[in-house]
**Q** 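What follows is a structure written as structure tokens; I'll ask about it next.
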Amino acid sequence: MKKPTIKDVAKLAGVSFKTVSRVVNKEASVSDEVRTKVLECIEKLNYQPNHTARVMRKAPFSLAFVYDNPNSHYVIEMQNGIISECRERGFELVIHPTDSRSEDVGKELAAMIGSNQIGGVILTPPLSENRELVTFLLNRDAKVVRILSGAEAPDTLAPVIHVDDVGAARKMTDYLLDLGHKKIAFLGYHASHESSLGRLEGFRTALESRGLPVDKNLIIDGEFTFDSGMAMTREALKGKPTAIFACNDEIAAGAVFQSRLSGFNVPEDVSIVGFENSPFSVQTWPHLTTVNQPNFDIAACAAAMVIKMMQEKDVHSVESKGFSLNLVVRDSAIKPA
């Protein structure tokens, strides 16, 4: 029995083969009525799209997730969000970790794009903060979506998913202040990380709005890791804070562990809160009060934006989108003694 072709589907559905192709590729430019009719005909004929032919035509059908981030939870959640959208739309995903500090990162990504049929790229911090790199990719006809910290898109260079770290950090600091804390340590300041700078800005703004001083000795530099959380906590506890605001949950978990090693009960002697709502937040005891950062949803949204630009061949077909973040109140913060 002859294998059905795209033209057979088109004839049965009473549409052009290009319309069938648009339905198969899950493009938005098809009415629901026509889409339903074509899908019924595809099922009736048991038509299987020829993905090999798609490759031979050199049409990009892959997108890349490019990151430089030691936080395994963040990376996995991002991957899962992008993959969910790729599966829904029939696209492939290339996962590419890299060193954002390398002088050759642009050439590395250009080679990746050329060898993997990649038409779109999702960049996360700090890569997404590098305007020179973004411009380099755009000049090679890649469709780029950036995930950035901020209340709004900083420019129109390429579409942005912006995450309001400032607003979320202010909410968390206000929560601690409302509990009665006035001496709060901030762990995870990192001058080269926009998310860290945004969270510190929100922290400062909350204190200053209450007329409270910002104690520079309680703003501790460090990495977004458990071990760094322990080291920063040893330093912070010298200043006798009643609460600790950690820049992510992994830092906060390290802070809880170190506080106990130093003879402090959490939350009775010192309250500790985190940021992200990662597995660390519920694997730590007490469970962490934290900020929910919906990485899966952020990633899926970024993938949908890239795919739309690839399908419509138009960088202006999507608009930047923002995510505001909310608190998740658990057991790690109480009123100071």
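Keep in mind that what you see is a predicted model, and the values were worked out from it rather than measured.
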**Q** Assess whether atom CD of Glu152 is packed by more than 12 heavy atoms of other residues, nucleotides or ligands within 6.0 Å.
**A** no
**Q** In terms of side-chain geometry, is the basic nitrogen of Lys44 or Asp8 positioned less than 4.0 Å from the acidic oxygen of its partner?
**A** no
**Q** Below 30° counts as parallel, above 60° as perpendicular, anything between as tilted: where do the rings of His193 and Phe224 land?
**A** perpendicular
**Q** After noting the C-alpha distance and the side-chain angles of Asp155 and Arg146, does the key distance pass the salt bridge (Lys or Arg N to Asp or Glu O under 4.0 Å) rule?
**A** CA-CA 11 Å; Asp155 52 51; Arg146 301 169 289 167; 2.7 Å; yes
**Q** With hydrophobic residues grouped by side-chain heavy-atom distances under 4.5 Å, do Val144 and Leu127 end up in a single group?
**A**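 Yes, same cluster.
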**Q** Taking the side chain from His287 and the backbone from Val282, do they hold a donor-acceptor pair closer than 3.5 Å?
**A**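 Yes, His287 side chain to Val282 backbone: donor-acceptor pair under 3.5 Å.
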**Q** To the nearest 0.5 Å, what is the distance between CD1 on Ile118 and CG on Asp141?
**A**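 Between atom CD1 of Ile118 and atom CG of Asp141 there are 14.0 Å.
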**Q** Side chains of Glu276 and Thr290: do they bring a donor and an acceptor to under 3.5 Å?
**A**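 Absent: no donor and acceptor within the cut-off.
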**Q** Are a donor atom and an acceptor atom from the side chains of Lys171 and Asn326 found within less than 3.5 Å of each other?
**A** yes
**Q** Does the side chain of Phe186 come within less than 4.5 Å of Leu200's, by heavy atoms?
**A**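 The answer is yes; the side chains approach within 4.5 Å.
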**Q** Verify whether one side chain among Gln293 and Asn295 offers a donor that lies under 3.5 Å from an acceptor in the other.
**A** yes
**Q** When you group the ILVMFWY residues by side-chain heavy-atom contacts below 4.5 Å and let the links chain together, are Val160 and Val121 in the same group?
**A** no
**Q** Between Leu212 and Leu177, is any pair of side-chain heavy atoms under 4.5 Å apart?
**A** yes
**Q** Identify whether Ile298 and Tyr74 are in the same connected component of the hydrophobic contact network (ILVMFWY, side-chain heavy atoms under 4.5 Å).
**A** yes
**Q** More than 12 heavy atoms of other residues, nucleotides or ligands under 6.0 Å from CZ of Arg87: is that the case?
**A** no
**Q** Under the 3.5 angstrom rule, does the side chain of Ser102 hit a backbone N or O of Asp99 as a donor-acceptor pair?
**A**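 Judged by distance alone, no pair lies under 3.5 Å.
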**Q** Are any of the side-chain heavy atoms of Met78 and Phe65 separated by less than 4.5 Å?
**A** yes
**Q** Is Lys308 close to Val306 at the side-chain level, that is, under 4.5 Å between some pair of heavy atoms?
**A** no
**Q** So, the side chain of His162 versus the backbone of Ala151: is there a donor-acceptor pair under 3.5 Å, distance only?
**A** yes
**Q** Are any of the side-chain nitrogens in Arg170 or Asp165 under 4.0 Å away from the carboxylate oxygens of its partner?
**A**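 Salt bridge absent between Arg170 and Asp165.
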**Q** Can a donor-acceptor pair be found, under 3.5 Å and without considering hydrogens, that links the side chain of Asp249 to the backbone of Asn277?
**A** yes
**Q** Are side-chain N/O atoms of Ser262 and Ser259 paired as donor and acceptor at under 3.5 Å?
**A**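 No - no donor-acceptor pair under 3.5 Å links their side chains.
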**Q** Is the shortest heavy-atom distance from the side chain of Ile184 to the side chain of Phe203 under 4.5 Å?
**A** yes
**Q** Evaluate whether atom CZ of Phe257 has more than 12 neighbouring non-hydrogen atoms of other residues, nucleotides or ligands under 6.0 angstrom away.
**A** no
**Q** Test of understanding: clusters of I, L, V, M, F, W, Y form through side-chain heavy atoms closer than 4.5 Å, transitively. Do Ile83 and Tyr67 belong to the same one?
**A** yes
**Q** With Cys301, which residues qualify under side-chain contact (heavy atoms from CB on, under 4.5 Å), at least two apart?
**A**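 In terms of side-chain contact (heavy atoms from CB on, under 4.5 Å), with neighbours along the sequence ignored, Cys301 is linked to Ile161, Met305, Lys321, Phe323.
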**Q** Apply salt bridge (Lys or Arg N to Asp or Glu O under 4.0 Å) to the pair Arg89 and Glu85, showing each step before the final yes or no.
**A** CA-CA 6 Å; Arg89 305 292 188 91; Glu85 196 66 26; 3.1 Å; yes
**Q** Could you tell me whether a side-chain N or O of Arg260 sits under 3.5 Å from a main-chain N or O of Val256, the two making a donor and an acceptor?
**A** no
**Q** Enter the distance from Asp221:CG to Met232:CE here, rounded to the nearest 0.5 Å.
**A**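 Atom-to-atom, Asp221:CG and Met232:CE are 9.0 Å apart.
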**Q** Are any of the side-chain heavy atoms of Gln258 and Phe264 separated by less than 4.5 Å?
**A**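 When only atoms from C-beta onward are counted, Phe264 and Gln258 do not touch, as no gap falls below 4.5 Å.
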**Q** Could Asp68 and Arg101 be called an ion pair, given the rule that one side-chain N must be under 4.0 Å from one carboxylate O?
**A**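 No, no charged N to carboxylate O under 4.0 Å.
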**Q** Minimum heavy-atom separation for Val9 to Cys41, with atom names?
**A** CG1-CB, 4.2 Å
**Q** Answer with yes or no whether the hydrophobic clustering places Leu218 together with Val214; edges join I, L, V, M, F, W, Y residues whose side-chain heavy atoms lie under 4.5 Å apart.
**A**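 Not linked; separate clusters.
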**Q** From Ile220 CD1 over to Cys247 SG, what is the distance, rounded to the nearest 0.5 angstrom?
**A**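 Going from CD1 on Ile220 over to SG on Cys247, the span is 12.0 Å.
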**Q** Find out whether Ser149 and Val163 are in side-chain contact, i.e. whether some heavy atom of one side chain is under 4.5 Å from a heavy atom of the other.
**A**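 The answer is no, as the side chains (C-beta and beyond) never meet within the 4.5 Å cut-off.
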**Q** Would you say Ser332's side chain and Thr289's backbone share a donor-acceptor pair under 3.5 angstrom?
**A** yes
**Q** Could you check whether any side-chain heavy atom of Val328 comes within less than 4.5 Å of a side-chain heavy atom of Val291, counting everything from C-beta outward?
**A** no
